[in-house]
There are 4 protein chains.
Amino acid sequence: MDDDSPEARWGQRTEIPLFAASLVFLAAYATRVLATSVAPFWRGLCGFVLLALWVAFAVDYVVRWRLSGQRFLRFVTTHFLLTIVVVLPLLRPLRIVPLYDVIQRRQGEPRLSLYARVIAYASLSTLLLGFSGALATYQQERGAPGATMKTFGDAVWWAASTLTTVGYGDITPVTRLGRVIATGMMACGVGLLGAVTGSFSSWLMQTFYREGDERPPGK
Amino acid sequence: MDDDSPEARWGQRTEIPLFAASLVFLAAYATRVLATSVAPFWRGLCGFVLLALWVAFAVDYVVRWRLSGQRFLRFVTTHFLLTIVVVLPLLRPLRIVPLYDVIQRRQGEPRLSLYARVIAYASLSTLLLGFSGALATYQQERGAPGATMKTFGDAVWWAASTLTTVGYGDITPVTRLGRVIATGMMACGVGLLGAVTGSFSSWLMQTFYREGDERPPGK
Amino acid sequence: MDDDSPEARWGQRTEIPLFAASLVFLAAYATRVLATSVAPFWRGLCGFVLLALWVAFAVDYVVRWRLSGQRFLRFVTTHFLLTIVVVLPLLRPLRIVPLYDVIQRRQGEPRLSLYARVIAYASLSTLLLGFSGALATYQQERGAPGATMKTFGDAVWWAASTLTTVGYGDITPVTRLGRVIATGMMACGVGLLGAVTGSFSSWLMQTFYREGDERPPGK
Amino acid sequence: MDDDSPEARWGQRTEIPLFAASLVFLAAYATRVLATSVAPFWRGLCGFVLLALWVAFAVDYVVRWRLSGQRFLRFVTTHFLLTIVVVLPLLRPLRIVPLYDVIQRRQGEPRLSLYARVIAYASLSTLLLGFSGALATYQQERGAPGATMKTFGDAVWWAASTLTTVGYGDITPVTRLGRVIATGMMACGVGLLGAVTGSFSSWLMQTFYREGDERPPGK
């Protein structure tokens with residue numbers, strides 16, 4: 001992507017406010033799901049905020065598509081993460097990588113090392129996925145007949161055991177939509193394992209070669 | 001394998017119709033297992049289609065063996081995937097890799113990158129394995145005394161938790177054949193984890209070396 | 001290890017008969033555990049065979065140690081696998097790697113590739129560990145109060161879900177010794193995952209570099 | 001870190017006694033949790049020892065920070081392991097890596113190979129994490145209503161199934177703090193899997209290249 005293209009300039013200007021909006025979205029959703037005892041007015045307000053932000057995200061998506069000058073199907077493929085976070089706006093904070101790029105370029109700071117970025121991103125994604133997934137699954141399971149997930153604490157505990165692929169099974173979703181979300185989280189758990197393992201593996205390879213280089217040539 | 005050998009030419013001509021046949025096989029099997037309320041005539045038709053397609057697959061296997069001019073045991077070893085999908089025809093859509101090769105050669109399009117191929121193949125295999133495994137296990141478990149897998153939705157949910165090695169255990173097969181299929185799926189789950197992890201690991205290594213190359217030589 | 005050292009020559013002569021003895025050991029143990037309805041005479045015979053073979057394994061260990069001329073503690077460290085299979089003779093078929101070396105050297109055949117060897121060894125080890133572990137755990141659990149592992153089929157099913165780290169939990173050991181064996185099997189399961197993942201990862205790396213080499217130099 | 005800096009010299013002098021203190025801490029904590037039938041005097045003594053050692057660890061931390069001359073936040077980042085083991089002193093034996101460095105430098109012995117160090121450290125960390133985690137979780141769960149973790153043996157068995165990501169679910173924590181500790185242990189289990197897999201993967205890569213080098217050049 002050319003840095004001076006209209007699309008890139010649009011991204012540079014909107015990435016930060018939209019990231020803030022995504023955090024507001026997450027907070028509004030959490031309020032709506034967890035704060036069951038607040039007055040209906042506030043719950044309605046949360047619903048309105050959620051809708052308004054989703055419209056904003058969709059407008060941003062369409063503007064980026066028009067600016068890119070690509071066919072729609074090709075845009076979807078080349079902007080895979082963007083498409084996912086428009087469909088599932090709870091995951092929009094995953095856009096932290098482009099946000100980091102924008103901030104880092106603006107301030108001219110040196111980039112973190114590849115490992116630091118992978119580890120930081122994997123950790124943040126896991127926390128975000130666990131929290132959003134627990135919220136969304138809890139909303140489905142709450143009050144379902146035969147549900148074992150009774151409190152939000154249960155939902156967080158279940159999310160942790162799912163994302164690490166431990167899977168105790170003391171608490172499991174029983175509703176159809178809850179299980180669909182859970183399947184997505186399992187797939188992310190496998191990816192997370194892959195990220196951790198892959199990082200460790202390549203760090204070890206790299207350390208090995210560096211140690212090899214440090215030895216005297218006569219060895 | 002020489003591209004002009006009789007075996008290769010046979011493959012080029014039969015790969016596409018046999019792939020279509022394998023999808024019909026999967027659909028007929030799914031109909032037979034899931035559509036329990038249809039008239040006996042249609043179930044019988046499905047059974048007939050399954051048998052006919054299996055014979056077609058077996059004929060293809062024998063023809064390929066004769067054309068290859070190899071001893072049978074050697075042919076089995078060198079055509080491992082082909083042998084598996086003849087014994088377990090539900091998995092025949094896994095032949096999508098040779099299919100892709102045939103189509104790509106015919107149309108002269110450039111190949112996808114190694115990562116794109118590994119990721120696409122791992123995802124498709126997982127979906128196929130999950131669906132076929134859920135179908136086959138459900139067929140065994142349905143009606144077994146003490147079974148926890150009561151609907152096909154349960155079977156799909158169980159398959160997802162098995163292939164990702166999460167393994168909640170809220171739903172588990174209790175019949176002998178169901179457990180044999182499940183053991184095969186667990187082994188595939190381990191392989192899937194290996195594919196995801198290995199892809200990530202080598203992608204990271206590659207990115208690392210590329211970043212290393214981009215640095216100015218004075219570094 | 002020098003190929004003409006007394007220890008190496010002892011190994012070349014004893015590896016094949018001891019491997020056969022290890023299979024007899026496994027069969028005798030399986031008979032003793034599973035064939036509960038045979039006459040006491042045959043069970044006693046199995047017990048005698050087990051004892052006699054264990055003595056033979058121990059004698060082989062001591063002879064190798066004396067021939068090696070090393071201090072005992074050092075011998076234990078450098079012959080780690082040998083020490084394990086003397087303490088746990090059920091796992092002695094794991095000595096198939098030295099056996100393969102002996103046979104391959106005698107017949108002058110070319111060695112299998114590294115991947116073929118790793119995959120073959122990981123598969124055989126998993127089968128052996130699963131079978132021995134299921135046998136040993138079943139012997140502990142059989143008849144224990146509150147045991148969920150009621151038949152040998154249950155034990156094999158439990159072993160499969162443990163070695164793949166799926167861990168349904170529908171069947172779990174409840175006795176102290178059964179749990180100790182299970183913990184060992186979990187550790188092996190993690191190692192198995194590591195072997196599969198590591199093989200896939202390095203195969204992918206290697207394929208990637210080979211594809212890189214195949215491209216025309218002008219690329 | 002410069003070897004002659006005040007901080008390094010402080011580390012060289014205090015690492016060994018503090019490591020011994022960390023083992024005493026672990027023993028005192030285990031006594032306090034497990035020895036429920038001893039006289040109150042001895043339990044009080046254990047509590048006093050725990051408090052005194054924690055103060056000693058905190059003093060060491062502050063001294064190292066002052067000697068380093070860094071701002072506090074930067075010190076926390078660059079001494080991540082040190083910070084963790086001050087907050088969770090049960091894990092202080094993880095400081096065995098700096099201890100090994102100090103001893104090895106003092107005695108001038110050659111270092112172990114990278115793989116030996118990674119494997120030894122991963123094994124020791126797993127044992128330590130399993131033991132400490134089982135102790136801490138058992139302390140929370142003991143006597144909680146509806147707890148499935150009834151004895152310390154249960155806690156160790158649960159810890160093994162958690163750290164290997166098997167996760168049977170026959171025993172699971174039900175208290176809030178117990179689940180927080182468990183989540184930390186799951187994360188460590190994922191890291192452990194990564195370490196094992198990564199080691200195996202890079203060992204395989206290295207063996208592959210070495211075998212490649214051993215072939216005659218004409219190949």
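Below, read A as the first sequence line, B as the second, and so on, with proteins coming before strands; counting in each chain starts at 1.
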Answer with side chain, backbone, both or neither: which region of V190(B) has an atom nearer than 4.5 Å to a non-hydrogen atom of chain C? both
I'd like to know if E15(B) pairs up with R64(B) as an ion pair, taking the criterion as any Lys NZ or Arg NE/NH1/NH2 lying under 4.0 Å from an Asp or Glu carboxylate oxygen. yes
Which of the residues R176(B), R179(B), M186(B) is involved in the greatest number of heavy-atom pairs with chain C at under 4.5 angstrom? R179(B)
With a 4.5 angstrom heavy-atom cut-off, is it the side chain or the backbone of S161(C) that approaches chain B, or both, or neither? both
State plainly whether the residues R95(B) and D60(B) are in salt-bridge range, i.e. N to O under 4.0 Å. no
Decide if the gap between the ring center of Y61(C) and the ring center of F75(C) is smaller than 6.0 angstrom. yes
Option that, when pairs with chain B are counted at under 4.5 Å, heavy atom only, ranks first among T126(C), T164(C), V156(C): T164(C)
Are E7(B) and S68(B) linked by a side-chain donor-acceptor pair shorter than 3.5 Å? no
Let's test your reading of the structure: which of S199(B), G189(B), A182(B), G198(B) forms the most heavy-atom pairs below 4.5 Å with chain C? G198(B)
Do W158(B) and Y168(B) have ring centroids that are under 6.0 Å from one another? no
